Peer 1: 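Dropping a structure here in structure tokens format, bear with me for questions.
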Amino acid sequence: MRNQSASTESSLAAVMGAQWRQISVVGVLVGTLFFAFSLTPSLLPRPFAVQGLLAGLSFAAGYGLGVAAVWIWRYLELPLANRRWTRRIQVGAGLLCLAVAVSFLWQATTWQNALRELMGMEDSHAGQRLLMALIAVAVFAFVLFVARLFRWVFRRLARRLNRHVPRRVSYLVSALLAVFVFWSVIDGVLVSSVLRVADRSFQQLDALIDDDLPRPDAPEQVGSAPSLLDWEELGRQGRSFISTGPTDEALGDFFEAPMPRPLRVYVGLNSADSPEERARLALAELKRVGGFERETLLLVTPTGTGWVDPAAQDTVEYLHRGDIASVAVQYSYLNSPLALLTEAAYGAETARAVFNKIYGHWRSLPADDRPRLFLWGLSLGSLNSDLSFDLFDIVDDPFSGALWSGPPFRHRTWQRTTAQRDAGSPAWLPTFRSGSVVRFMNQYAGPDRHAADWGDFRMVFLQHGSDPIVFFSPGSAWREPAWMRSPRAPDVSPHLRWFPIVTMLQLTADMIVGTAPPGFGHEYAPDDYIDAWLALTEPAGWPEAQVERLKRLFAAGD
């Protein structure tokens with residue numbers, strides 16, 4: 001028994017030793033550099049667990065590149081170091097990797113805290129470095145295991161096929177089959193299962209009815225007894241949208257005079273079976289409550305879950321003293337990233353159906369007896385809002401304008417105007433054709449900074465320089481983004497540097513789990529919206545002192 005046990009331990013040690021010897025020195029060197037680069041700051045502060053995941057994936061990406069470089073070197077039959085020098089290189093590389101990793105780990109907390117200080121956030125604890133490193137090692141080990149499993153499957157298939165077909169053909173077919181098997185498992189099992197669970201979870205969350213949101217009793221409110229829409233079918237976000245916001249009493253207290261209550265119309269995903277039917281309901285309900293009789297009409301495209309940002313909605317209703325109607329239609333239960341991945345076409349289809357119904361009726365009204373029509377959307381809502389109309393369809397009778405905040409990098413109008421910006425204007429705050437139609441703004445500079453006259457048809461992009469939803473780009477994997485060049489936006493860390501592949505991974509992490517206070521990242525503050533709405537819609541009777549008073553009101557509410 002002792003001999004058998006000793007033999008087993010010897011075999012295990014031999015296997016582990018073989019696995020260790022298979023570790024590529026060049027791969028570890030490049031992986032360590034990628035690991036170190038991932039610890040540098042990006043656009044938003046990262047929790048230590050997310051940083052550990054990012055560092056592990058970066059190490060794996062670098063390791064893969066190193067292994068690929070060695071394979072190419074050997075394939076070209078270039079000279080290799082002998083065994084004696086190989087041993088010395090391994091020891092030297094190990095010491096260098098250790099020094100680089102420790103050095104960057106030591107500075108990681110300082111970099112993150114400098115970014116947090118820039119955004120007015122509390123410092124993170126330096127004691128999380130070790131745990132972060134352990135997470136990175138675990139992530140790399142898992143990725144390496146999956147990669148070697150793929151290699152094992154490929155080699156097994158190749159050996160079997162090589163008995164019947166030429167060697168190169170067996171390699172090609174085996175590689176394709178291995179990719180197909182792994183992709184089927186990842187996409188067909190893991191991703192599909194996650195999406196199904198997410199869809200059910202978000203759907204159940206959408207169906208929840210908060211106890212503090214009673215069914216409206218005012219006839220002009222959606223969900224009331226005379227309403228064409230059932231209260232329970234509005235969804236959680238729809239019920240919140242209808243029940244909250246400034247009341248006529250709150251407006252009256254602020255302006256010290258009687259004011260009308262803003263009109264809000266919302267159609268939930270469960271209110272009808274198709275985008276066309278929901279759009280028809282939205283128009284019918286908007287007519288019922290008298291939305292076309294208000295001075296201003298706002299067509300809102302919500303985010304993926306159907307959420308409408310109160311920072312934008314409440315401020316515009318105050319600025320127009322309640323004489324405004326807003327309409328929104330839900331197109332998904334999922335949050336914006338998942339909705340963009342799984343239901344992108346459905347969101348755009350819904351936005352187009354709603355726009356066609358609302359705009360079609362609006363343009364049929366006498367020009368001097370209809371409200372000014374504006375579009376608004378945040379994040380995915382801005383993307384779908386942009387896709388809701390074609391300029392050729394509105395050129396003879398355009399609506400008044402659009403405000404798009406936090407536009408995703410796939411936003412077609414944002415892409416075009418940013419790429420064709422005037423010479424000398426930065427990518428994070430462009431000037432497009434002197435600002436005669438399209439204007440960009442952020443928390444530091446409003447849309448009124450342009451010298452050109454602004455026409456009756458207007459578009460405003462509200463974007464923070466630190467918003468990864470706006471400035472992410474797959475191209476950042478192989479080239480430095482224009483927004484990183486000097487001068488940079490004030491809310492972007494001066495320590496941020498571009499690194500191949502790593503920067504893209506950092507921005508991906510920022511986009512998915514990045515956190516920031518209002519006024520930074522993807523969190524847009526009421527102050528920003530007040531400036532945007534004032535410039536875009538030009539409500540009358542707003543001296544500077546009154547504007548500051550409104551900003552203090554919303555600051556106190558936060």
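These figures come from a predicted structure and were not determined experimentally.
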Peer 1: Tell me whether R278 contacts the main-chain N or O of Q330 through its side chain, where contact means a donor paired with an acceptor under 3.5 Å.
Peer 2: no
Peer 1: Compare every heavy atom of I469 with every heavy atom of M511, then report the nearest pair and how far apart it is.
Peer 2: CG-CD1, 3.2 Å
Peer 1: Before you tell me yes or no, could you show the steps for N384 and T350 under side chain to side chain contact (heavy atoms under 4.5 Å, CB included), namely the whole-Å CA-CA distance, both residues' side-chain angles and the distance that decides it to 0.1 Å?
Peer 2: CA-CA 8 Å; N384 287 327; T350 300; over 6 Å; no
Peer 1: Looking at Q415, I'd like to know if its CD atom is crowded, meaning that more than 12 non-hydrogen atoms belonging to other residues, nucleotides or ligands lie closer than 6.0 Å.
Peer 2: yes
Peer 1: Which residues satisfy the side-chain hydrogen bond (donor to acceptor under 3.5 Å, both in side chains) test with S42, sequence neighbours excluded?
Peer 2: R46, D510
Peer 1: Of all the heavy-atom pairs spanning V308 and P302, show the shortest one and how long it is.
Peer 2: CG2-CB, 4.0 Å
Peer 1: Evaluate T40 against Q506 for side chain to side chain contact (heavy atoms under 4.5 Å, CB included), listing each step before the verdict.
Peer 2: CA-CA 9 Å; T40 62; Q506 288 179 317; 3.4 Å; yes
Peer 1: The criterion is ring-ring contact (aromatic ring centres under 6.0 Å, His included); which residues satisfy it with W483, sequence neighbours excluded?
Peer 2: F471
Peer 1: How far apart are the closest heavy atoms of A489 and G465, and which atoms are they?
Peer 2: CB-CA, 3.8 Å
Peer 1: In terms of side-chain geometry, is the basic nitrogen of R116 or D123 positioned less than 4.0 Å from the acidic oxygen of its partner?
Peer 2: no
Peer 1: Measure across Y331 and G347 and return the closest heavy-atom pair with its distance rounded to 0.1 Å.
Peer 2: CD1-CA, 3.6 Å
Peer 1: Is the number of heavy atoms from other residues, nucleotides or ligands within 6.0 Å of CD (Q420) greater than 12?
Peer 2: yes
Peer 1: Within the 4.5 Å heavy-atom criterion, are F472 and I512 side-chain neighbours or not?
Peer 2: no
Peer 1: Specify whether F440 and F461 have parallel, tilted or perpendicular ring planes, treating 30° as the upper limit for parallel and 60° as the lower limit for perpendicular.
Peer 2: parallel
Peer 1: Rounded to the nearest 0.5 Å, how far does OG1 of T515 lie from CG of L44?
Peer 2: 7.0 Å
Peer 1: Do F34 and F59 have ring centres separated by under 6.0 Å?
Peer 2: no
Peer 1: State whether the side chain of S240 and the backbone N or O of Q237 hold a donor-acceptor pair below 3.5 Å, judged by distance alone.
Peer 2: no
Peer 1: Tell me if a side-chain donor or acceptor on R488 pairs with a main-chain N or O of L496 at a distance below 3.5 Å.
Peer 2: yes
Peer 1: What's the spacing between L375 CG and M459 CE if we round to 0.5 Å?
Peer 2: 8.5 Å
Peer 1: Any side-chain heavy atom of M441 sitting closer than 4.5 Å to one from V460?
Peer 2: yes
Peer 1: Do S473 side-chain atoms and G475 backbone N/O form a donor-acceptor pair below 3.5 Å?
Peer 2: yes
Peer 1: Enter the distance from Q112:CD to Q107:CD here, rounded to the nearest 0.5 Å.
Peer 2: 12.5 Å
Peer 1: Establish, from distance only, whether the side-chain atoms of S466 and D491 form a donor-acceptor pair under 3.5 Å.
Peer 2: yes
Peer 1: When rounded to the nearest 0.5 angstrom, what is the spacing between CG in L462 and CG in D528?
Peer 2: 5.5 Å
Peer 1: Kindly indicate whether the side chain of E523, heavy atoms from C-beta on, has any atom under 4.5 Å from the side chain of D467.
Peer 2: no
Peer 1: What I'd like to find out is whether the side chain of S271 reaches to under 4.5 Å of the side chain of L234, using heavy atoms alone.
Peer 2: yes
Peer 1: Go through the steps for E117 and N113 under the test side chain to side chain contact (heavy atoms under 4.5 Å, CB included), then give the verdict.
Peer 2: CA-CA 6 Å; E117 183 180 358; N113 285 339; over 6 Å; no
Peer 1: Measure the shortest side-chain to side-chain distance between F499 and S38 over non-hydrogen atoms and say whether it is less than 4.5 angstrom.
Peer 2: no
Peer 1: Report the C-alpha separation of W376 and Q313 in whole Å, then their side-chain angles, then the decisive distance to 0.1 Å, and conclude whether the side-chain hydrogen bond (donor to acceptor under 3.5 Å, both in side chains) test is met.
Peer 2: CA-CA 9 Å; W376 173 67; Q313 187 66 38; over 6 Å; no
Peer 1: When you measure from the side chain of R163 to the backbone N and O of R160, does any donor-acceptor pair fall under 3.5 Å?
Peer 2: no
Peer 1: Which atoms form the tightest heavy-atom contact between L29 and C97, and what is the distance?
Peer 2: CD2-SG, 3.6 Å
Peer 1: Donor-acceptor check, side chain of R410 to backbone of P407, threshold 3.5 angstrom: yes or no?
Peer 2: no
Peer 1: Verify whether one side chain among S379 and H522 offers a donor that lies under 3.5 Å from an acceptor in the other.
Peer 2: yes
Peer 1: Is any side-chain heavy atom of H495 less than 4.5 Å from a side-chain heavy atom of L115?
Peer 2: no
Peer 1: Indicate whether the side chain of S385 and that of W404 have a donor and an acceptor atom separated by less than 3.5 Å.
Peer 2: yes
Peer 1: Stepwise, does the side chain to side chain contact (heavy atoms under 4.5 Å, CB included) test hold for T305 with S332?
Peer 2: CA-CA 6 Å; T305 59; S332 175; over 6 Å; no
Peer 1: Drop me the distance from L65's CG to L33's CG, to the nearest 0.5 angstrom.
Peer 2: 11.0 Å
Peer 1: Under a 4.5 Å cut-off applied to non-hydrogen side-chain atoms, are F37 and T503 in contact?
Peer 2: no
Peer 1: From the options Y524, F520, W428, Y444, select the one residue that forms a ring pair (Phe, Tyr, Trp, His ring centres under 6.0 Å) with H464.
Peer 2: Y524
Peer 1: Within the 4.5 Å heavy-atom criterion, are V70 and R74 side-chain neighbours or not?
Peer 2: yes
Peer 1: With rounding to the nearest 0.5 angstrom, report the CG to CG distance, N162 to L157.
Peer 2: 12.0 Å
Peer 1: Going by atom types alone, do S405 and Y529 pair a side-chain donor with an acceptor below 3.5 Å?
Peer 2: yes
Peer 1: Short question: side chain of Y63, backbone of V26 - any donor-acceptor pair under 3.5 Å?
Peer 2: no
Peer 1: Okay, side chain of Y266, backbone of G306: is any donor-acceptor separation there less than 3.5 Å?
Peer 2: yes
Peer 1: So, for A36 and F104, which heavy atoms are closest and what is the spacing to 0.1 Å?
Peer 2: O-CD2, 3.2 Å
Peer 1: Using modelled atom types and a 3.5 Å cut-off, is there a donor and acceptor pairing between side-chain atoms of S58 and backbone atoms of L54?
Peer 2: yes
Peer 1: Look at the side chain of W498 and the backbone N and O of S476, then say whether any donor-acceptor pair between them is shorter than 3.5 Å.
Peer 2: yes
